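Report on one structure; see the data block that follows.
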Amino acid sequence: MKVYETKEIKNIALLGSKGSGKTTLAEAMLYECGVIKRRGTVDAKNTVCDYFPVEKEYGYSVFSTVFYAEFLGKKLNMIDCPGGDDFVGGAITALNVTDTGVIVINGQYGVEVGTQNIFRTTAKLKKPVIFAMNQLDGEKADYDNVLEQMKEVFGNKVVPIQYPLSCGAGFNSMIDVLLMKKYSWGPEGGVPTIEEIPAEEMEKAKELHQQLVEAAAENDETLMEKFFDQGHLTEDEMREGIRKGLVDRSIFPVFCVSAEKDMGVRRMMEFLGNVVPFVEDMPIPVDANGNEVKPDSNGPLSLFVFKTTVEPHIGEVTYFKVMSGTLTAGADLDNITRGSKERFAQLNCVCGQIKTPVEKLCAGDIGATVKMKDVRTGNTLNEKGCEYSYDGYIKYPAPKYQRAVRPVAESDAEKLSAILTRMHEEDPTWVVEQSKELKQVILSGQGEFHLRTLKWRVENNDKLPIIFEEPKIPYRETITKASRADYRHKKQSGGAGQFGEVHLIIEPYTEGMPAPDTYKFGGQEFKMNVRDTQEIPLEWGGKLVVYNCIVGGAIDARFIPAIIKGLMDRIEQGPLTGSYARDVRVCIYDGKMHPVDSNEISFRLAGRNAFSEAFRNANPKILEPVYDVEVMVPGDVMGDVMSDLQGRRAIIMGMESDSGFEKISAKVPLKEMSSYSTALSSITGGRSSFTMKFASYELVPGDVQEKLLKEYAETQSED
């Protein structure tokens, strides 16, 4: 295979909602470029891009798939991304290593929520966008309506390059207003017939051509002057203007295709080859430390590993982008993320599971290798002396769906841990946490399908049966009034005994409150003389503040740390539900000790039990985690979504229209979000999406607290 220079390389991501036809479009592209001799189909489970067993089982893309096409003397590296919102991590990764996004729009359903979400990501990353309106041969296809919708959602920068002469079953021809030609196909698609534009279409074609010329000229002062002088631009001048417009996102061209029938695909690829920006046309990227990384083949050699996976019949495959320099087979590089060394015994250009060996890869190119020793997704590999770093280079969305996971056989716990670690390395949006607080392994992801996919792979590929369970909620306990208690621990069993007595007062803690002075309980006044203060920030939020107010040597200072250990025992396992407690301050003001029997364990137990008693008498409350939730929904189902949220104890914070959709902002308890992604998909037919972010801990309602106390008491009696 030819070695392509940086100036001959273009990197493109295929994006769009689930069902828009990206994988079918990729198949048509590969066929048009001669990479494959026969087009596969998703239904037949024989496409280049959906080759993993789980993808064949489910019938949709789960992983992003790298493929390339040699076309018009250029190398087009493309990544076919999953369309489901659950697998958005693949699309985000792809956009970080490619330069242009081709967003596939379903010509039957128009702009969907997933389309809008991915467009926002392209805006955040400042990537050029081309739209491919697909499935124009579908019975519900409506080009004019969908184009109008696109302009409403994405703005007037949406500019048609083509328009169809008819949609639905009769779709077989279109007008190209860039080349000012008519393209038509036979029933099998493929090579088009190119003709002059019919007289009845000429006026419309000229009008759209003029709009395209104006859009192209806007991005270059020289072209703008020429346009004003002559009223037109040459084809090459228009290409240059459109290329500049793509780079600064001032133009979003729209193409017409039927991927299934291979109509319009070659013409769109010609545009990708001739007009889309090369790697070196794009703004120079920066690494995680803000250093510019120029895609220079003669620069220092630096690679970014954007994907690792275990593939059928091959094993572990490492995918990377050459950010700078030229990589040759046999090169030795430093993995600066993990502090190890790696040798690239072989280099491959990839097309799905097909690997083609190459001698070298230049800056901007994408490749793969196998059998690396210690490489993970997100790692940086540099030649000696190069200091580029891409740690944390890609930012992924927060998880939206959680399940506790455990193996059917407890003896497989260690094996499951290793598998889940590997899965996270393949897909960073699968997040695994061993929760000490909840005593569960918590698996988080983007939705139910996301986690169900992981379960399928573990059970079918690794042959390890696992169980998903409802995760426990990380409640917090606190108090709402001051309380006093004392406790004497006394134990005698021959020889040395145990003795410790602690008197303490507790009250709610808030930041900045004055030091304790005087308390009254049952008509008795307790004056505090603070000798020492300890503020203990708690890992889970809030504080424990302890005041040593002992006078007259009632308790020796050497026992105070033991008492604080006892307090922490109960803070870490609250008296109400066993959850973490927070925001309490404690005054240790009196007690007793024995000259022989007092020791650390005695005062630790006395402190723990005195705190438990005081806590229960301080009008304790349970706090629950509350999340800020934003839901994007079509207007026709907003009422149903609102009703469902209110049934989840949500507080609606606001509503606003956002590019053709409605955005609902709410605060919702985590307990009520357990299966929300599934419910929302059911209510809206998969046309909605949501994000959630931790907001605060809030008091649970009285009826919920009673239920939680009863459930905890039952578990304690069982134990």
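On a predicted model such as this, the values are computed, not experimentally measured, just so you know.
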Side chains of Glu539 and Tyr580: do they bring a donor and an acceptor to under 3.5 Å?
no

Please determine if Glu425 and Arg422 form a salt bridge, counting it only when a charged side-chain N lies under 4.0 Å from a carboxylate O.
no

If the plane angle is over 60° it's perpendicular, under 30° parallel, otherwise tilted; pick one for Phe344 and Phe320.
perpendicular

Check whether the side chains of Arg120 and Asn117 place a donor and an acceptor atom closer than 3.5 Å, and report yes or no.
yes

For residues Ser674 and Glu470, is any side-chain donor paired with an opposing acceptor at under 3.5 Å?
yes

Is the count of non-hydrogen atoms from other residues, nucleotides or ligands lying under 6.0 Å from Glu469 atom CD greater than 12?
yes

For the residue pair Ile9 and Lys74, establish whether any side-chain heavy-atom pair is separated by less than 4.5 Å.
no

Is the NZ atom of Lys415 crowded by more than 12 outside heavy atoms at less than 6.0 Å?
yes

Six-ring centre of Phe449, Lys18 cation under 6.0 angstrom, axis tolerance 45°:
yes

Salt bridge Lys45-Asp50, side-chain N to carboxylate O under 4.0 Å:
no

4.5 Å side-chain heavy-atom contact, Pro253 and Leu246:
yes

Cation-aromatic face contact Lys75/Tyr68, 6.0 Å, 45 degrees:
yes

Can Arg249 be said to sit on top of Phe119's aromatic six-ring, NZ or CZ under 6.0 Å from centre and within 45° of the ring axis?
yes

Give a yes/no verdict on a cation-pi contact between Lys693 and Tyr627, requiring under 6.0 Å between NZ or CZ and the six-membered ring centre and an angle within 45° of the axis.
no

So, the side chain of Lys22 versus the backbone of Gly19: is there a donor-acceptor pair under 3.5 Å, distance only?
no

Between Glu459 and Lys455, is there a salt bridge with N-O shorter than 4.0 Å?
yes

Non-hydrogen side-chain atoms of Met372 and Arg343 separated by less than 4.5 Å:
no

Under a 3.5 Å cutoff, is there a donor and acceptor pairing between the side chains of Arg39 and Thr24?
no

Taking the side chain as C-beta and beyond, is there a heavy-atom pair between Phe304 and Ser324 under 4.5 Å?
no

Report yes if some heavy atom in the side chain of Tyr319 is under 4.5 Å from a heavy atom in the side chain of Ile79; otherwise report no.
no

Flag side-chain contact, heavy atom, 4.5 Å: Phe52 against Thr309
yes

Near-ring test Phe271/Phe255, centroid separation under 6.0 angstrom:
yes

Angle between ring planes, Tyr390 versus Tyr388, binned at 30° and 60°: parallel, tilted or perpendicular?
tilted

Compute the centroid of each ring, for His450 and then for Tyr401, and state whether the two points are separated by less than 6.0 Å.
no

Phe278 six-ring centre to Lys10 NZ/CZ under 6.0 Å and within 45° of normal
yes

Closer than 3.5 angstrom, by distance alone: can the side chain of Ser435 be matched with the main-chain N or O of Leu438 as a donor-acceptor pair?
yes

